[in-house]
A.B. asks: 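Mind looking over this structure? Questions follow.
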Amino acid sequence: MSESSGAQRRTAGVRDVAALAGVSRQTVSRVLNDHPEVAADTKERVLAAMAELGYRMNNAARALGTRRSRTIGILASDALQYGPSRSIAAIETSARGAGYWVSAAFADAGDAAAVVSAVDHLIAQGVEGIVVVAPHARTLEALDALDVNVPVVTLHSAGRGSRGLSVDQAAGARLAVAALADAGHTRIAHLAGPADWLEAESRAEGWAAELDARGLQPGPVIVGDWSAGSGYSAAAAVREAGVTAVFAANDQMALGLLSGLHEAGLSVPADISVVGFDDVPDAAYYWPKLTTVRQDFDELARRAVAALVGGADAAASDLAPVAPELVERESVAAPR
């Protein structure tokens, strides 16, 4: 092995890019900072030189020169459930598409001091805005007490707050109940999420509102914890209630419910129809395939990033609730 091949290769810098592209360092800097007055052909030469040299921008140095980090913070109080975790991944993808990076901090929703500390951490990173994945009311209460000097939007807060973004949870629940009622069911139970989750509350409100609009008496509410295990345990209560249909507040609980009903000798949908919420990737492979409500997490993330990047000039449409969609499969049929 030669000495030159064994030596560590020097990292390319702005000077190297400028020399290869035949432009000044100032022009390279303008390209890096998306300056509008750089000619298109010049920008293409600079970008080609960066690619050839393997140039990697130093965000810390860039922030010092421009006072912009091009970083969006994510504060998550619960990232274990499907909705929040899917949203966090979608935010990162959307942010990178807009030319931003993300920095994430996690805090226990029940610990106000931890929420404050997480926000302080993100601010210290120089983030230009913060997306708060806040499924719990406690997280919002902790945020209300803070004076944050960057734009903030919240997700999974059921639209609470002046810049709260969400899929329209109540509308999604109404779609689920409507699918069951349209099939002929009049005794519809609700397998609800935990009481301290804002979206669980909104889905329960939507269930009750659709029944009321149709003049139907609400069936029992059975509270779960989002897990398949709690759905499995709920099967006994569903069976004893004598209902013919169940709206489950998420697909995981619906999965457990399907298993519990099957073990009890009941057939879905011949004996009991079931509709879930979320449209997790596995829902199309449940037995039977689950009718559910789909949330567009990619669109939710796009709107969150647009609201932060656009600042005070963000389009009102970016703050509007995202419409859910009913996905009809095989778990709903007319009652016997």
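Keep in mind it's a predicted model, so treat the numbers as computed, not measured. Basis for what follows: all heavy atoms, side chains included, without hydrogens, waters or symmetry-related copies.
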A.B. asks: Please test L257 against V238 for side-chain contact (heavy atoms from CB on, under 4.5 Å), starting from the C-alpha separation and ending with a verdict.
C.D. replies: CA-CA 9 Å; L257 179 62; V238 169; 4.0 Å; yes
A.B. asks: Do L175 and P324 have side-chain heavy atoms sitting under 4.5 Å apart?
C.D. replies: yes
A.B. asks: For S103 and Q125, work out which heavy atoms get closest and say how close.
C.D. replies: OG-CG, 4.0 Å
A.B. asks: Measuring from atom CG of L75 to atom CD1 of I130, what distance do you get when rounded to the nearest 0.5 angstrom?
C.D. replies: 7.0 Å
A.B. asks: Using a 3.5 Å distance criterion without hydrogens, assess whether the side chain of D251 forms a donor-acceptor pair with backbone atoms of A254.
C.D. replies: no
A.B. asks: Is it true that V280 and F247 fall in one hydrophobic cluster, defined by side-chain heavy atoms closer than 4.5 Å?
C.D. replies: no
A.B. asks: Determine, for D212 against R174, whether the closest basic-nitrogen to carboxylate-oxygen distance falls under 4.0 angstrom.
C.D. replies: no
A.B. asks: Would you say Y232 and E263 are linked by a side-chain donor-acceptor pair, where the criterion is simply a distance under 3.5 Å?
C.D. replies: yes
A.B. asks: Measure the CZ-CD1 distance between R214 and I188 for me, rounded to the nearest 0.5 Å.
C.D. replies: 8.0 Å
A.B. asks: Hey, quick one: are L255 and I222 part of the same hydrophobic cluster, counting side-chain heavy atoms closer than 4.5 Å, chains of contacts allowed?
C.D. replies: yes
A.B. asks: Please give me the minimum heavy-atom distance between L308 and G129, naming the atom from each residue.
C.D. replies: CD1-C, 4.0 Å
A.B. asks: Membership question, hydrophobic clusters at under 4.5 Å side-chain separation (ILVMFWY): are I74 and V167 in the same one?
C.D. replies: yes
A.B. asks: What heavy-atom pair brings G22 and R45 nearest, and what distance separates the two atoms?
C.D. replies: O-NH2, 4.1 Å
A.B. asks: Just verifying a value: how many Å separate S227 OG and M253 CE, rounded to the nearest 0.5 Å?
C.D. replies: 8.0 Å
A.B. asks: Verify the distance criterion only: is there a donor paired with an acceptor across the side chains of S24 and T27 at less than 3.5 Å?
C.D. replies: yes
A.B. asks: Classify the side-chain pair T292/D279 by whether it contains a donor and acceptor separated by less than 3.5 Å.
C.D. replies: no
A.B. asks: Show your working on side-chain contact (heavy atoms from CB on, under 4.5 Å) between V327 and T291 and close with a plain yes or no.
C.D. replies: CA-CA 6 Å; V327 181; T291 294; over 6 Å; no
A.B. asks: Only pairs at least two apart or in different chains count here, so list each side chain to side chain donor-acceptor pair (under 3.5 Å) that has a residue in residues 86-95.
C.D. replies: R86-D298, S87-H156
A.B. asks: For the residue pair W207 and H190, does the interplanar ring angle fall in the parallel (under 30°), tilted (30 to 60°) or perpendicular (over 60°) class?
C.D. replies: parallel
A.B. asks: K43 versus L47: any side-chain heavy-atom pair under 4.5 Å?
C.D. replies: yes
A.B. asks: Are V132 and V150 co-members of a hydrophobic cluster defined by side-chain heavy atoms under 4.5 Å apart?
C.D. replies: yes
A.B. asks: How close do A179 and V332 get, heavy atom to heavy atom, and via which atoms?
C.D. replies: O-CG1, 4.1 Å
A.B. asks: State, yes or no, whether a side-chain contact exists between R96 and W101 at a heavy-atom distance under 4.5 Å.
C.D. replies: yes
A.B. asks: Can you find a pair of side-chain heavy atoms, one from V243 and one from P220, that are under 4.5 Å apart?
C.D. replies: yes
A.B. asks: Do Q295 and D278 have side-chain atoms, one donor and one acceptor, less than 3.5 Å apart?
C.D. replies: yes
A.B. asks: Could you walk me through whether V28 and V23 satisfy the side-chain contact (heavy atoms from CB on, under 4.5 Å) test, starting with their C-alpha distance in whole Å, then the side-chain angles of each, then the deciding distance to 0.1 Å, before giving a yes or no?
C.D. replies: CA-CA 7 Å; V28 174; V23 299; 3.8 Å; yes
A.B. asks: Do you know the tightest heavy-atom contact between G193 and A249?
C.D. replies: N-CB, 3.6 Å
A.B. asks: Is there a donor-acceptor contact under 3.5 Å from the side chain of R329 to the main chain of K289?
C.D. replies: no
A.B. asks: Between T71 and V102, is there a donor-acceptor pair closer than 3.5 Å when you use the side chain of the first and the backbone of the second?
C.D. replies: no
A.B. asks: Under a 3.5 Å distance rule, please check whether T244 uses its side chain to pair with a backbone N or O of H185 as donor and acceptor.
C.D. replies: no
A.B. asks: Please confirm whether F297 and Y82 have ring centers closer than 6.0 angstrom.
C.D. replies: yes
A.B. asks: How many angstroms lie between atom CG of D16 and atom CZ of R25, to the nearest 0.5 angstrom?
C.D. replies: 10.5 Å
A.B. asks: Can you tell me how far apart CZ (R239) and CG (D271) are? Round to the nearest 0.5 Å.
C.D. replies: 12.0 Å
A.B. asks: What do the steps show when you test F277 against R203 for side-chain contact (heavy atoms from CB on, under 4.5 Å), and what is the final call?
C.D. replies: CA-CA 9 Å; F277 203 107; R203 292 173 198 177; 3.5 Å; yes
A.B. asks: Within a 6.0 Å radius of atom CD on E330, are there more than 12 heavy atoms belonging to other residues, nucleotides or ligands?
C.D. replies: yes
A.B. asks: Quick check: do S331 and Y286 have side-chain heavy atoms less than 4.5 Å from each other?
C.D. replies: no
A.B. asks: Are V153 and I72 linked, directly or through intermediate hydrophobic residues, by side-chain heavy-atom contacts shorter than 4.5 Å (ILVMFWY only)?
C.D. replies: yes
A.B. asks: Any idea which heavy atoms bring H121 and A105 closest together, and the distance?
C.D. replies: CD2-CB, 4.1 Å
A.B. asks: Would you give the length of the straight line joining atom CG of L211 to atom CD of Q217, rounded to the nearest 0.5 angstrom?
C.D. replies: 9.0 Å
A.B. asks: Between E325 and R294 (side chain of the first, backbone of the second, donor and acceptor by atom type, cut-off under 3.5 Å), is there such a pair?
C.D. replies: no
